[in-house]
Structure formats: structure tokens, C-alpha cells
Amino acid sequence: MTAPVLEVAGLCAGYGSLTAVSGVSLCVAPGEVVALFGPNGAGKTSTLLATVGVLPRNAGRVHWNGVPAPKSLHTFTRAGLAFVPEQRSTISSLSVLDNLRLGRGTVELALEYFPELADHLHRPAGLLSGGQQQILMLARALAGRPRILLVDELSMGLAPLVVERLLGVVRRAAEEDGLGVLLVEQQMRRALSVADRWYLLSHGKVAAQGDAHESGGAVLEEAYLESM
Ligand code: ATP
């Protein structure tokens, strides 16, 4: 197997006395799409936040291309991480174009991934639909040519066609650019269709893991129901 672009080992994190992430280990290889599943409150978002340095780690380590990952989101982003959080963070008063310019990449590359944004460049981002805003977020993230992309609930509240479009582009970026992707997703079937491997979190721990092509749906669904 190729050396991981992201390796998380024994990660622990929480909020005050509440432990949300309890010894999570996972890895992502270049060009690989890895899905992180789990019921509500399982610790998926907290795992991402502790990995990127937004939530302080109580224990464990995060390695990036074989070396310790930068501890703050800001430096990790400069090193090649893109993080698309659950809360869409476009600046609604700025145009689509200005939102893209705020990213680390070129507008041209963003439009290569999502040509449909070209029609909206001069509209305030706040006037876009939820799906278009999510496309803008992902376009901005990918345009920076990250080496690793962490995405939280890409599909939240979006129409199936838009979700397919977004996940399709994520898959393409992994295949064509060698991007490593860690994807938190509620819609398991959709995520499995673009993923290579999956992890299932339950109560802050990895309860099961598998290969998306081999074990796919059945193993995951059984483990999911057991983990609730
Ligand atoms: P969901 O699918 O509902 O987003 P999740 O798997 O992403 O869930 P987390 O959001 O990581 O789970 O939550 C893990 C635990 O941490 C839960 O018990 C949750 O209530 C708690 N938690 C999350 N955010 C906070 C916070 N800001 N302050 C206190 N507790 C929190």
C-alpha cells in the first residue's frame, strides 16, 4: 500500500469533561477516498476537528506525509490541507468571484472543476441556492490543489443530483490528482459508491472498518445498526 498522506493514531479529544473522540486511528492514502460513518453524536465531526487542529487533542498523533502534521488549521492549510466544515462558510455579501479569490487557488482551476459557477461569478454568494453554495465551497477548496481534503457532511440538505455531482468531482480529484479524501457522510450508499474504504465510529471509537468495494453495504449496515 502507498504510504498514507494522513495518519491519525490513538486520537482523543472532547469538550471539557465530555470525551467525544476516544482513541481513533485511521489513515488515508494519496488518491484514496475514505468515508467516515456513524450515528449522530458518534464523534465524526469531532474527529475531523481534532485532526485539523480546531479542537485540541488530549492524546494521540496526526501525521501528514510521514511527519507530524501542523497543529493549527492555518498552518496545516498552508501545508496542503483543505477542510470543508459542516457549516457552509461562504461570505454571503461577497460575489462568487471574490469568494473564489479568497481561496488559495486560481479562479480558473475552480471553474475547471465546476464550470457551472461561471454563470454566477458576479452574484453575491448569499443569493445562491444551498447546492450552489456547497459547490462554491468545494470549488474553492479544490482550486488550492490540496493534498488532503477533509469534508464534513457535504450532502447536508441537498438534492440527490447535487450530491452526486459533488461526490463525483471529489472522486475525480482523487483519481486524477492523487488527492486523499476523508469524507464524513450520513448518506452511506452514496458515499460508498465513491469511497475506497470506510470506517464506522460509535461512541468515539472505531467500531468497524472495511473495503467499500468488497464488504460494501451489507457489512457496514449490520455494523451500523449494532453501533447505535
Ligand atoms: P452528528 O452526525 O450529529 O454531527 P457526530 O458523529 O459528528 O454527530 P460530534 O458532533 O463529533 O458527533 O459529537 C460527539 C459528541 O460530542 C456528542 O456527544 C456531542 O454532543 C458532543 N459535542 C459536539 N460538539 C460539542 C460542543 N461544541 N460542546 C460540547 N459537546 C459537544
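Residue indices begin at 1 and follow the sequence shown. When a ligand or atom number is given, it counts from 1 through the structure's own listing order. Predicted model, so just to flag it, every value in this text is computed and none were measured.
Within the structure, ligand 1 lacks G16 among the residues with a heavy atom less than 4.0 angstrom away.
Which parts of ligand 1 touch A20 is read off a 4.0 Å heavy-atom cut-off, strictly below it: atoms 14 (C), 15 (C), 16 (O). Near Q186, meaning under 4.0 Å from one of its heavy atoms, ligand 1 places the atoms 2 (O). Each of the atoms 6 (O) of ligand 1 lies under 4.0 Å from some heavy atom of P39.
Polar contact with ligand 1: absent for T47 (N/O pair, distance under 3.5 Å). Among the atoms of N40, some N or O lies under 3.5 angstrom from an N or O of ligand 1. Looking at A42 next to ligand 1, an N or O pair under 3.5 Å apart turns up.
Protein heavy atom at the shortest distance from atom 12 (O) of ligand 1 is G43 N, 3.1 Å. Nearest to atom 10 (O) of ligand 1 among the protein's heavy atoms is T45 CB, 3.7 Å. Nearest protein neighbour of atom 9 (P) of ligand 1, counting heavy atoms only, is S46 OG, 3.6 Å. Nearest protein neighbour of atom 2 (O) of ligand 1, counting heavy atoms only, is K44 NZ, 2.9 Å. In this structure, atom 23 (C) of ligand 1 lies nearest to the protein heavy atom Y15 CE1, 3.5 Å.
Using a 4.0 Å threshold on non-hydrogen atoms, atom 25 (C) of ligand 1 counts as touching the protein. Less than 4.0 angstrom separates atom 20 (O) of ligand 1 from none of the non-hydrogen atoms of the protein.
For the residue pair T19 / S22, no side-chain donor-acceptor distance below 3.5 Å is found, with atom types taken as modelled.
Residue L192 comes nearest to L220 through the heavy atom pair CD1-CD2, 3.9 Å, listed as atom of the first residue, atom of the second, then distance. The two residues P56 and A13 have their closest heavy-atom pair at O-CB, 3.6 Å. When all heavy atoms of S93 and P124 are compared, the pair lying nearest together is O-CB, 4.3 Å.
Within 6.0 Å of the CG atom in L225, the count of heavy atoms belonging to other residues, nucleotides or ligands exceeds 12. By the neighbour-count criterion of 12 heavy atoms within 6.0 Å, atom CZ of R145 is sparsely surrounded, having that number or fewer from other residues, nucleotides or ligands. Counting non-hydrogen atoms of neighbouring residues, nucleotides and ligands closer than 6.0 angstrom, the CD atom of E222 reaches no more than 12 such neighbours.
Taking the six-membered ring where the residue is Trp, F37 and W198 present tilted rings, their angle falling between 30° and 60°.
Nearest residue to atom 1 (P) of ligand 1 from S202, G41, G204 is G41 (criterion: closest heavy atom).
We find that E164 and R190 are joined by a salt bridge, their nearest charged nitrogen and carboxylate oxygen being less than 4.0 Å apart. Salt-bridge check for R189 with E221: passed, with a basic side-chain N closer than 4.0 Å to an acidic carboxylate O.
Only the side chain of L18 comes within contact range of ligand 1, with a heavy atom under 4.0 Å; no backbone atom does.
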